[in-house]
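Below, read A as the first sequence line, B as the second, and so on, with proteins coming before strands; counting in each chain starts at 1.
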There are 2 protein chains.
Amino acid sequence: MSAAKTPTLADVADRAGVSPKTASRVLNHEGNVRPDKVARVLAAATELGFTPNEFARLLRTRGSTTTIGVVTADIGDPFWTGVIRGVELAIGDPDRDDVGHPQRFILSASTRERSDREPEIVAAMVDRRVMALLVVPTTTDQSYLGALAERGVPVVCVDRPAAGTDVDAVVADDDGGARRGVELLIAQGHRRIAFVGRPSVYTTAERIAGYRAALRAAGIVVDDRLVHPTITDAASVGPIAERLLSLDDPPTAVFTADVAASIGMLACRRTRSWRPAMVAFSDFDAAPVVEPTVTVVHNDPVELGRRAAELVLDRLAGYTGPPRRVRIDTPIIERESHLA
Amino acid sequence: MSAAKTPTLADVADRAGVSPKTASRVLNHEGNVRPDKVARVLAAATELGFTPNEFARLLRTRGSTTTIGVVTADIGDPFWTGVIRGVELAIGDPDRDDVGHPQRFILSASTRERSDREPEIVAAMVDRRVMALLVVPTTTDQSYLGALAERGVPVVCVDRPAAGTDVDAVVADDDGGARRGVELLIAQGHRRIAFVGRPSVYTTAERIAGYRAALRAAGIVVDDRLVHPTITDAASVGPIAERLLSLDDPPTAVFTADVAASIGMLACRRTRSWRPAMVAFSDFDAAPVVEPTVTVVHNDPVELGRRAAELVLDRLAGYTGPPRRVRIDTPIIERESHLA
DNA sequence: TTGTATGCGTTATCAA
DNA sequence: TTGATAACGCATACAA
């Protein structure tokens, strides 16, 4: 509205009766300025409401921003906002050694259904000179990220490793977590254990692998009719439960591979007479308060984001070693639902 | 690592054998360039891997970014990430009339415990020339936002109105929602109804107001020993439940004012023999699947964020009217827990 | 301690 | 259709 042109450093200098350079010195606390001029410049800056133009500054200093780019998959899933929360926590952590760092920001965008936009979004973020990038890979090829890392932009993949290139990555122990979860059910004597979850390129595959490994180790043959990595939301668990129940030899236990599957399964327990034992991948708010309380494999998006941000901060702090892989533990939280 | 200097427009122009301006024309699709030169420039840009320096461009064009700044309170609360999700959805909505808009981003930061940082963060975002600002007010005075709005930066407050200035705001119907929720309990014959929730400047006050209004309207005198806007997390509900139960005349129903209170209350129901009727403010994943299913006042952070972003987009599209207040409905979702 | 001249990478102006 | 030149706002090098 008001066209009141944003005041520049030159305006401040004029008003203070000094040269632009002196004003710059004052505002950047370089010292070597007479106290009275310091006062005049400061006063002028306040009166004018001067705020430095970050673009001009960064253009001149060839610096990068204090911003970390975060590219997630569909933002509709609270899991990814949990990751963002973890990044927030890490970059604002006062315990890190680089105290007095400037305010850091998160520049976020999600690919939303169209994973082909992933490279575009990354490119746009690089144009905006983000100081680092966190990417949840959704495409089948992240080789374009390698070029970035070589250009000196720290890149970390989250939740899944990058395909086609070797960059830092933070992933959860999907395989091991699923395996331990299913083992818990096997230890209760179950031999017919269903797998229910949503389809996903990497993580679901890993969890299915863990599920199969646990069964194989126990000498149980995998029945593919029990494996349903096909749900879209909690509601879609209902029909799957029907099909499972209609089998000659229905499962006596269920491993739910994500929160949606778990919520859906709980709904089935309520509305149907079916009461299978249950272990869930990913903890959720209600798990400790429903009846029975739900035993889960803890999969913490916040921790994922936090560790990823820490890898980034390490690189920004000077680490130049080879790409690192961090695997976040997925410990079992034993509650009641795995008991027969 | 590799110091491979980022190629500039001049580099592209050199390689294509044209002037920088011509290269610029081509890259910005300004037209009026001979086809063969267009091809040469495009080829050179690709070969060099040229990406424009956004800072230089914005400096020159005096433009603002395509970024919306979002300042939230403590990012530890999933409610705020829900708001961010809503903003994401709105700014990426292909149904809006401004199709073909450039990739828009969210620049986010949270004040984390220290609400005094709110103005600093806003200032830093303005220095970064965000095209608009969404703020969840945490301080007691947002008059500094008024100046911003006058400078032409669209500002929208989310969840709570700004104090000390009149800017766009999107808030939930906290008062009405709480009132309707409590009325539901009164209709079931309850007259001793407790209020449990976390302290908060604005929203909790509104919800308590609704709670009181409902009681007053029913001729029930408010007993302050039943009002506990003091929890910090779900676990802190336990001691409060003890105190409520130790009263001569314990409540027969509870209104939980936020998700933490609701989860905490569910835990109390499990671990104690106390089974009060219950209505909760804010829906949560497990509400439809616990026993009994929880009747809630629906408070949708995603909708809050979405509407806020829409106000912003309206202003960016040219709306220059007076500040608007949007109140998001908080409809009751009747399930079972309100029944005695 | 202070100021002048120059350049960062891009676009705008205007003349050719 | 093209290109030389200036300017955006700031910081750096170098002088004074």
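Side-chain proximity of A:Leu9 to D:dC8, C:dT2, D:dA11: nearest is D:dA11. Among the nucleotides D:dG3, D:dC10, D:dC8, the one closest to any side-chain atom of B:Thr22 is D:dG3.
A 4.5 Å side-chain heavy-atom check between A:Val170 and A:Ile328 finds at least one atom pair inside the cut-off.
With sequence neighbours left out, the salt bridge (Lys or Arg N to Asp or Glu O under 4.0 Å) criterion links B:Asp166 to B:Arg325. Remark: A:Phe105 engages no residue in a ring-ring contact (aromatic ring centres under 6.0 Å, His included) (not counting sequence neighbours). By the side chain to side chain donor-acceptor pair (under 3.5 Å) test, A:Arg60 pairs with no residue at all, sequence neighbours left out. Here A:Arg129 pairs with nothing under the salt bridge (Lys or Arg N to Asp or Glu O under 4.0 Å) rule; sequence neighbours left out. Considering only residues two or more places apart in sequence or on other chains, A:Thr61 meets the side chain to side chain donor-acceptor pair (under 3.5 Å) condition with none of them. Looking at residues two or more places apart in sequence or on another chain, you find a salt bridge (Lys or Arg N to Asp or Glu O under 4.0 Å) between A:Asp168 and A:Arg315.
Looking at B:Arg15 and B:Asp11, no side-chain N of the basic residue comes within less than 4.0 Å of a carboxylate O on the acidic one, giving no salt bridge. Between B:Arg307 and B:Glu310 there is a salt bridge, since a side-chain N of the basic residue sits under 4.0 Å from a carboxylate O of the acidic one. Note on B:Arg57 versus B:Glu54: salt bridge recorded, some NZ/NE/NH1/NH2 to OD/OE distance being below 4.0 Å.
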Task: Trace of the salt bridge (Lys or Arg N to Asp or Glu O under 4.0 Å) decision for B:Arg306 with B:Glu303 - done: CA-CA 5 Å; B:Arg306 185 207 299 271; B:Glu303 190 59 21; 3.4 Å; yes
Give every donor-acceptor pair under 3.5 Å between a side-chain atom in residues 23-30 of chain B and any protein atom, sequence neighbours left out.
residue	atom	partner	partner atom	Å
B:Ser24	OG	B:Asn28	ND2	3.3
B:Asn28	ND2	B:Ser24	O	3.2

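Considering only side-chain N and O atoms, A:Asn32 lies nowhere under 4.0 angstrom from the phosphate OP1 or OP2 of C:dT2. Between A:Lys37 and the phosphate of C:dT2, there is a side-chain N or O to OP1/OP2 separation shorter than 4.0 Å. In terms of phosphate contacts, B:Ser19 brings no side-chain nitrogen or oxygen within less than 4.0 Å of OP1 or OP2 of D:dA4. For the OP1/OP2 pair of D:dA11 and a distance below 4.0 Å, the side-chain nitrogens and oxygens of A:Thr61 include no atom meeting the criterion. Contact annotation: B:Arg62 side-chain N/O to D:dG9 OP1/OP2 distance is under 4.0 Å.
A ring pair (Phe, Tyr, Trp, His ring centres under 6.0 Å) check over residues 39-67 of chain B, counting only residues at least two apart or in different chains, returns the pairs A:Phe55-B:Phe55.
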Interface polar pairs with nucleotides 13-16 of chain C, N/O, under 3.5 angstrom:
none

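Taking atom NE2 on A:His29 and atom C1' on D:dA11, their separation rounds to 16 Å, with Å as the unit. Between the CG atom of B:Asp127 and the C1' atom of D:dC10 there is a distance of 13 Å, rounded to whole Å.
Interface residues of residues 52-60 of chain B facing DNA chain D, ordered by number: B:Leu59, B:Arg60; criterion, heavy-atom separation under 4.0 Å. Contacts with DNA chain D (heavy atom under 4.0 Å) in residues 39-51 of chain A: A:Phe50, listed by number.
For the helix from C:dT1-D:dA16 to C:dA16-D:dT1, the end axes, each set by the C1' atoms of five terminal pairs, are bent relative to each other by 40° (nearest 10°).
Each of B:Val155, B:Val135, B:Thr111 was scored for a side chain to side chain contact (heavy atoms under 4.5 Å, CB included) with B:Val122, with one residue passing: B:Val135.
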